J.: 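Here it is: the structure, laid out below.
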Amino acid sequence: MAGVRGLVRPWWLPRWSGGPALPGGALLVAVVVSLMHGQPPPVDRPVGVSIPVRSSDATPVGLGRLTVVSGGRALRVDPLERRSTAISLPAGARVLDVVAGHRAQALLVRFPSGRTVCYLVPAAGGAIRLGDARAVVPDTSNQLFWLDTGDQVRAYLLDGVPAGPRVAVPEGFVPVGGVHGQIIASSAGEEPQTLLLSESGRREVLFAGQALDVAGGVVLLRMGNQLAVFDLRSGELTRLPSLSAVRITGPGRLAGDGAGFAVLGRVNDHAQLVIGPIAPRSEAELQVVSLDGGAPLPYPPAASWTGNGSVLAVRPDGRLVFFTPGRRNGVVLDGSLPAVSGVALAG
């Protein structure tokens, strides 16, 4: 684990250093009690640090403007002003998803004909049509989006201009993100694999596991019910501490610098968000945020990282939960905001 820890800026130390103190004390007490009763000390805890969520009428500091999907429409939302504006799209368009970028967002839109089209939404101005797409993923350069048409992907600049040749994607694989002109693609199922695809047609197997996201030179992946981190520079694979009570379901997102992760999971029939640094010293540094509001969604939207290192997640009932790593509770954003099915920072 030391190899990965030395490669990233330890952003979590000021915030996270106080996080495990109370659980650590509780664990010490549990060890003492167990020894007094002749039981072996616990090896690890099954849930990490459980984080409750409370309601609040105040907008969290540093949240900024959002792009959300609500009722099939894309809205620009200013939580501070409690104001929303619809993004203009052609008649019949129904927005399925929003994908965050540094200075733009990408919308995946379906029309009554069944066609699925990607639109680019700059920080200012109207939507730009890019083309038919099965999915869209960002590039780690923050200068591109990659459109997935089913058997190939192509990069587009933030002004909508195509950049570079098309890259073939093997059957059964879907793109996860672009890095240095190449694509990381992953399969699902019982024995998933993750590949690095280049414009020349070269395919390199990176690891056996399902990639969830790529940022800051590292890939977040799932191996069964365990998370791991693959360093693209060193080729080192590091397994993260396992939380036996949490079933990791995904999707997952890395912070922009790759130093932290946020992944969806479940505890029984309750949706949870697991957040932590990519090089935790123990499972006590993993925080599990409760996402109440109904049964977990079969295909929940990914969480979104803010510029100040906080996380936004969508509850099953469409309410937004805001959480800053290291804090003792999360916040449900003001009820005047519309129920959403996707969220991204508006740049």
Side-chain angles (χ1 to χ4, degrees), residues 1-19 60-67 98-106 123 137-146 158 175-184 194 196 206-207 211-222 227-241 250-264 273-281 285-287 289 302-313 322-327 343-347:
M1 194 174 296
V4 174
R5 188 180 295 119
L7 291 169
V8 294
R9 174 173 59 86
W11 59 270
W12 63 86
L13 289 178
R15 293 194 293 262
W16 293 76
S17 57
V61 175
L63 178 57
R65 289 189 292 271
L66 310 174
T67 299
V98 55
V99 177
H102 180 56
R103 291 183 289 112
Q105 295 80 49
V137 297
D139 189 86
T140 57
S141 68
N142 291 323
Q143 303 298 321
L144 304 168
F145 282 97
W146 293 81
L158 300 186
V176 175
V179 53
H180 302 307
Q182 302 174 96
I183 279 290
I184 291 176
T194 295
L196 182 65
L206 293 180
F207 47 79
L212 301 177
D213 196 18
V214 54
V218 298
V219 182
L220 177 69
L221 64 133
R222 179 175 61 186
L227 295 171
V229 172
F230 180 83
D231 193 296
L232 291 168
R233 295 152 294 190
S234 67
E236 181 181 2
L237 179 67
T238 304
R239 295 175 183 266
L240 301 186
R253 285 291 179 267
L254 288 164
D257 59 1
F261 69 88
V263 179
L264 273 294
L273 182 68
V274 182
I275 301 175
I278 63 166
R281 291 164 294 188
E285 289 189 306
L286 305 184
Q287 296 180 288
V289 181
S304 183
W305 286 86
T306 71
N308 66 354
S310 299
V311 179
L312 272 174
F322 178 90
F323 176 67
T324 300
R327 297 290 179 87
V343 61
L345 272 291

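Since the structure is predicted, the reported quantities are computational estimates derived from the model, not experimental observations.
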J.: Just verifying a value: how many Å separate Ile278 CD1 and Thr238 OG1, rounded to the nearest 0.5 Å?
T.: 8.5 Å

J.: Of the non-hydrogen atoms in Val218 and Gly258, which two are nearest, and what is the gap between them?
T.: CG2-O, 3.6 Å

J.: Identify the heavy atoms of Ala228 and Leu237 that sit nearest to each other, and give their distance.
T.: CB-CD1, 4.0 Å

J.: Run Leu240 and Leu286 through side-chain contact (heavy atoms from CB on, under 4.5 Å) and show every step you take.
T.: CA-CA 10 Å; Leu240 301 186; Leu286 305 184; 5.6 Å; no

J.: Within this structure, what is the CD1-CZ distance for the pair Ile275 and Arg253, rounded to the nearest 0.5 Å?
T.: 14.0 Å

J.: What's the verdict on side-chain contact (heavy atoms from CB on, under 4.5 Å) for Thr324 and Asn308, showing C-alpha distance, side-chain angles and the deciding distance?
T.: CA-CA 9 Å; Thr324 300; Asn308 66 354; 5.6 Å; no

J.: Can you confirm whether Phe261 sits close enough to Val229 that some side-chain heavy atom of one is under 4.5 Å from a side-chain heavy atom of the other?
T.: no

J.: If you round to the nearest 0.5 Å, how far is CG of Leu196 from CZ of Phe207?
T.: 10.0 Å

J.: For the pair Trp305 (side chain) and Gly256 (backbone), establish whether a donor and an acceptor sit closer than 3.5 Å, ignoring hydrogens and angles.
T.: no

J.: Quick check: closest heavy atoms across Ala344 and Gln105, and the distance to 0.1 Å?
T.: CB-CG, 4.1 Å

J.: Would you name the heavy atoms of Pro280 and Pro241 that are closest together and state the gap between them?
T.: CG-CD, 3.5 Å

J.: Between the side chain of Gln287 and the main-chain N/O of Gly276, is any donor-acceptor distance below 3.5 Å?
T.: no

J.: Check whether any side-chain heavy atom of Thr194 lies under 4.5 Å from a side-chain heavy atom of Leu221, and answer yes or no.
T.: no

J.: On a heavy-atom basis, which atom in Leu345 and which in Ser304 lie closest, and how many Å separate them?
T.: CD2-OG, 3.6 Å

J.: Can you name the residues that form a side-chain hydrogen bond (donor to acceptor under 3.5 Å, both in side chains) with Asp139, not counting sequence neighbours?
T.: Ser141, Trp146

J.: Of all heavy-atom pairs between Phe145 and Gly101, which one has the smallest distance, and what is that distance?
T.: CZ-CA, 3.7 Å

J.: Quick one: does Leu212's side chain get under 4.5 Å of Leu227's, heavy atoms only?
T.: yes

J.: Nearest 0.5 Å, what's the CG-CG distance between Leu273 and Leu264?
T.: 6.0 Å

J.: Do Leu232 and Ile184 have side chains that get closer than 4.5 Å, going by heavy atoms?
T.: yes

J.: Could you walk me through whether Val214 and Leu220 pass the side-chain contact (heavy atoms from CB on, under 4.5 Å) check?
T.: CA-CA 6 Å; Val214 54; Leu220 177 69; over 6 Å; no

J.: With sequence neighbours excluded, what pairs up with Ala215 under the side chain to side chain contact (heavy atoms under 4.5 Å, CB included) test?
T.: Leu254

